[in-house]
Each structure stands twice: as structure tokens, then as C-alpha cells.
Amino acid sequence: MRDYKNTHAYFVGGGIASLAGACYLIRDCSFPGDHIHIFEELNVLGGSNDGAGNPETGYVIRGGRMLNDETYENTWELLLSIPSIDNPEKSVREEIIEFDTQHPTHSNARLVNNNGEVVDVSSMGFDNDDRIALAKLIVTPEEKLNMLKISDWFKPHFFETNFWYMWATTFAFQPWHSLAELRRYMIRFMHEFPRIHTLEGVTRTPYNQYDSLILPIKKFLENHNVDFKLKCAVTDLDFKDTDKITVTRIYYKEEGMEKTIEVNESDVVFVTNGSMTEGYSLGSMTKPPVLNDKGASWKLWDKISKKKQGLGNPTVFDDNIQGSKWESFTVTCHNSKFFDLMEKFSRNKAGTGALVTFKDSNWFMSIVLAHQPHFRNQPDNVKVFWGYGLYPDNPGNYVKKKMSECVGEEILIELLHHLKFEKEMDDIIKSANCIPCMMPFITAQFMPRSIGDRPQVVPEGSTNLAFIGQFCEIPDDVVFTEEYSVRSARIAVYKLFGITRPVEPINQYQYDVRTLFKSFVTMFK
């Protein structure tokens, strides 16, 4: 067995990629937990997998992860080895399967029009030009799609189809986003295409992702004495002056103090380059959120990419906030009135996690009512739901202001008008707390790119540096998923430590005859 007495592992960023990487080191490399150091700028782990608050001041989830059984190959394999907090005899994976079986997702009101009516989405709404363009995209090699936008490929009609309204809001695509990434999604989630109108393929966690995923992983790592350095922002890396890529020093800031760590030749450094939720800002019922700029994660990548070849091109992703931002909101209700009305309106049992999109909303607004309680500390008389608008700079249909300029109460007013709940509006608002959240880089990973803009997980010539998270390159896999972060961490650990155990392969549903047939039939509905 390899001797790690003089070897330390440093993880920059405390999101799920770093946490997964630490698990793989312990589980598959027999690496000592007290030699693993995780630097996190915030005072809490989990990265974009957040969930915080209380019934008095309101709950907040910046986003909701929609897991998928067929495409989260490494995530499920990892969670099989993480014990549940509530029942240590079960794994987190088993706990999620059990919950999802009891509370399956099936949307009966996927799209709602401007009359407050549920839209028939049994047809995708394609014309022949749309079908031909989709088919052509699937068979076009990715290297021919460099820097192309989705709107460069499809005619205007495509963006008015039921398919686009559903696909765009399920995965947060915009017309100006990467065509190459849309192609990857169409292939990776081909099995979801025939059921995109019901979202039956979505696997939900018992609580929000912080409570359901991050807490048990954190506990597992704590039991192995992993060193968490919270409120510590890594600001720079030094490299050895050779043709190789070898990190020699880590610079970080802790409580306002500049500090350094000398990196020995046997040490390894894992960097989460870039962040979807960095620079986020929260508003309140009486205050809108503000739009922030780059923070520590983006600034670090900007710095080190200029020092060595092969470390990617962050400006492609972090220099267009107008193209990568959108706004979410979390609503804490102190009675069940809104949930009761939604159950009657949507014909979905309240709390099934079904996504409802208001397709004619100027903000392109959607909401999700998850199973309750959605937080571990949530009382029975409190209900929480989450929503978002993909076009936050448009004036509302009813509140004639940009979403980005609205306070929480105004966002609720706009939502309740779309649902035609005007009679109950005063009562609902009086007992609710809506906290808006502006996220400047939430879809930065979808910005149009070329090959090489995302660095390899382990760059060519690297002796001790790996990139993990949403902004490294994993062929054929799709960003904006938990799986991408977990898979990157597993690849990084296995490559740097010479582990021969295989990484779970990507399921190739595009070669499954039944999936192809169902998708073909769906295109002509």
C-alpha cells in the first residue's frame, strides 16, 4: 500500500466536487483524512447545493437540483457508500430511491398560458424545419460547433414550441447559449425526451440538496478527520518554472490575513475553477437583490490561466454576466393556502416536485413545489417553494418593473396574477416571505465555447494539479449537473493517484433502439 505520510491533498472550493474528491481519496486510495484540506470562501460547505434559513427569517435555496437515475452513474455509486444521517444502516442512495418511489414526479401542469390555463403538451409542436435541424444537430461532430449559439442553428419557430418551453426551463437553456452544450444534452438525456412533458425521469431527494446530500457527505468526511478551512479564499497559485505544470505554493486569505502553504512534490492540488453561484445576492420582501461581479473563484482562475498553457480560458465564461445571469426566489408560507390552491389548479398532489412554467411570462417564470418539509428544521405549519425567472431584465406582465428591480412582495404579486389567484392574493402575501436571489454566473457554463476553453481534468503535463467542478472538460458529459462535478472529482483522483479501478461509464442511450424509436415518435407528435 502506498505511503501517504508526507502527502497532503488540497481542495480549492468546498462544493460537491471537492467533497466527492475527498470521499474517493479516503474510500479508494486509503488516503488519511487528516491530510485532506478543503478551502471554502463561505462559512458553509456545499457550494451550489445550498439550503438554509428558518421559519422566522425565511428559507433560501438558490437552486434546485433535479437528479436522474439513468445519467448520474458516478453520483449514485458514490452515494451507495455514504451512510444516511437518519438511518446509518441505509446508504444515501437507498434513502433517495425509497423516497422517490413513494413520491414520484409526474407533472400535470407543465406549461401554463397567459389566461392561467394548463397547456396541452402532448405535442412537442415541431414543424419539419425543427425536426430536420434537431436531427442534423445530433449527427454533427462537436468540433464543428465551436462558439455557435443555439439561435445560430434553429429558426425562430423552434423557440415557440412546447419542446423549447419545457426543455429550456428544465435545464435553464437560453437561445444565446452554447449549441455544443445543447447537443450534448440532447444525446445524454435522449431517454428523457419522450417524457419531458411530465418530468417522470426526475429523481428527488427527501429534503433540499444541502440537507439530503451535503450533510451526510460532510459527516462521513468529519468521521475521517478531514480538515475544513471555512472562510478561507484561495487567491493564487505558484508553479515550478518548468515545462510541466507543478503547483509549488498556495496563497489564501483567512480573516483578512494573507497566508501561504508550501506544496511539496508529493502533494496534490484540486481546483474548482469558476462557480455558478459566486457573487449571488439576496433581497427580501422589501428589497431587491443587487448584481455583483466576479469573486475569488473566478479571479483565481483568471490569474492562473495566464501563468501556464492548458489551464483554460475563463473569460469565455465569466465576462458576459448579461448572458449568464438569472434570478430565483424562495417563498416561505406560514399556512397551506397557496399549496392547497396549487393542488387544485395543477391536479398534482401538492409537494410532488412538479415544475410549472408560465410560458407567456415576460420573466419566463417557473415554480417548483417540493415535498414538505423541504428543510430538516421546517415546522409542520410552514410550507416552502422555489421559483425562478430566466429573463430578469424584462418588465413583468402585471408588475411593470424588471424582475431584477422587484422586491419579494412584487415577485409574489406577479406570480399570483399568472395563476389567477387574485382573490386570495392579500391572504397569501400576508403570511408569506419571498426572498429573491440574483445569480450573475448561474449559467456561465452554458456560454458558447471552443475546444480548449475548458481545461482538461488533469491538464497535459500536470504533475500535481487537477481541475474539478463545472468548468473542466469531460468528453460527452453535460454540465449543470451533480454528476459532472462528481465524475470530474473521480477522474481527477484516479488519474493523479494511478487508480486502475474504472470510472462509471456514460450510458449511451443514443445507441439504444427503443430509446431512438420513442424519440422519433415524440418528434412527430
Side-chain angles (χ1 to χ4, degrees), residues 14-16 19 40 42-67 79 82-96 98-100 102-103 203-223 228 230-231 277 280-285 289 328-340 342-343 349-353 367-388 408 412 428-437 439 482:
I16 195 167
L19 300 180
E40 171 52 50
L42 302 178
N43 63 355
V44 63
L45 297 168
S48 300
N49 287 270
D50 65 332
N54 56 66
E56 290 74 38
T57 60
Y59 291 97
V60 173
I61 35 176
R62 292 170 297 181
R65 308 283 83 78
M66 293 188 291
L67 311 183
L79 293 179
I82 305 297
S84 160
I85 287 180
D86 298 316
N87 183 357
E89 298 301 311
K90 283 182 186 173
S91 69
V92 173
R93 167 60 170 157
E94 291 167 326
E95 182 179 63
I96 292 172
E98 188 176 287
F99 172 82
D100 192 62
Q102 293 172 357
H103 307 282
T203 303
R204 299 285 183 184
T205 54
Y207 301 102
N208 63 79
Q209 279 75 55
Y210 180 81
D211 285 339
S212 289
L213 299 180
I214 301 303
L215 278 183
I217 294 175
K218 177 173 177 274
K219 185 175 181 181
F220 173 85
L221 296 176
E222 285 175 338
N223 290 340
F228 299 118
L230 301 181
K231 299 178 79 171
T277 47
Y280 79 95
S281 166
L282 299 180
S284 69
M285 283 291 277
S328 70
F329 55 94
T330 313
V331 182
T332 304
C333 304
H334 287 272
N335 60 44
S336 64
K337 177 166 280 191
F338 181 80
F339 273 64
D340 294 341
M342 280 301 297
E343 185 170 318
K349 186 177 178 183
T352 58
I367 58 171
V368 179
L369 275 63
H371 181 267
Q372 305 295 301
H374 199 46
F375 292 79
R376 287 185 175 273
N377 65 339
Q378 183 180 326
D380 291 341
N381 65 330
V382 171
K383 308 292 182 186
V384 180
F385 71 94
W386 175 76
Y388 55 97
L412 265 181
I428 292 172
I429 291 175
K430 199 179 300 179
S431 64
N433 183 4
C434 177
I435 300 178
C437 176
M439 296 176 286
E482 307 281 32

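Just so you know, these numbers come straight off a predicted model, no measurement behind them.
Of the inter-residue distances, the one linking Y59 atom OH with Q378 atom CD reads 5.5 Å to the nearest 0.5 angstrom. For the atom pair I16 CD1 and I214 CD1, the distance stands at 4.5 Å (nearest 0.5 Å). Interatomic distance, CG of D340 versus SG of C333, reported as 10.5 Å (0.5 Å rounding).
Taking the side-chain hydrogen bond (donor to acceptor under 3.5 Å, both in side chains) definition, one finds that T205 meets it with Q209, sequence neighbours left out. In this structure, the side-chain hydrogen bond (donor to acceptor under 3.5 Å, both in side chains) partners of N49, at least two apart in sequence or on a different chain, are E482. With sequence neighbours excluded, the residues forming a side-chain contact (heavy atoms from CB on, under 4.5 Å) with S281 are P289, V290, N292, listed by chain and number. Partners of F99 by ring-ring contact (aromatic ring centres under 6.0 Å, His included), not counting sequence neighbours, listed by chain and number: H103, H371. Not a single side-chain hydrogen bond (donor to acceptor under 3.5 Å, both in side chains) links R65 to another residue, sequence neighbours left out.
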All N/O donor-acceptor pairs, side-chain side in residues 379-386, below 3.5 Å, sequence neighbours left out:
from : atom 1 : to  : atom 2 : distance (Å)
W386 : NE1    : I61 : O      : 3.1
W386 : NE1    : R62 : O      : 3.4

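Without hydrogens or angle criteria, N433 side chain to M285 main chain gives no donor-acceptor distance under 3.5 Å. Judged purely by atom type and a 3.5 angstrom limit, S91 uses its side chain to pair as donor or acceptor with the backbone of E94. Remark: the backbone N or O of Y207 is paired with a side-chain donor or acceptor of S212 at under 3.5 angstrom.
In terms of heavy atoms, D100 sits closest to T203 at OD1-CA, 3.6 Å. When all heavy atoms of L45 and Y210 are compared, the closest pair comes out as O-CE1, 3.3 Å.
More than 12 heavy atoms of other shown residues, nucleotides or ligands fall within 6.0 angstrom of atom CD in Q102.
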(request) Evaluate the side chain to side chain contact (heavy atoms under 4.5 Å, CB included) criterion for residues L213 and I96: first the C-alpha distance (whole Å), next the side-chain angles of each, then the deciding distance (0.1 Å), finally the verdict. (result) CA-CA 10 Å; L213 299 180; I96 292 172; 3.8 Å; yes
(message) Run the side chain to side chain contact (heavy atoms under 4.5 Å, CB included) test on R204 and M66 for me, step by step, so that the C-alpha distance in whole Å, both residues' side-chain angles and the decisive distance to 0.1 Å come before the verdict.
(response) CA-CA 6 Å; R204 299 285 183 184; M66 293 188 291; 3.5 Å; yes
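No side-chain donor from either of N87 and S84 sits under 3.5 Å from a side-chain acceptor of the other.
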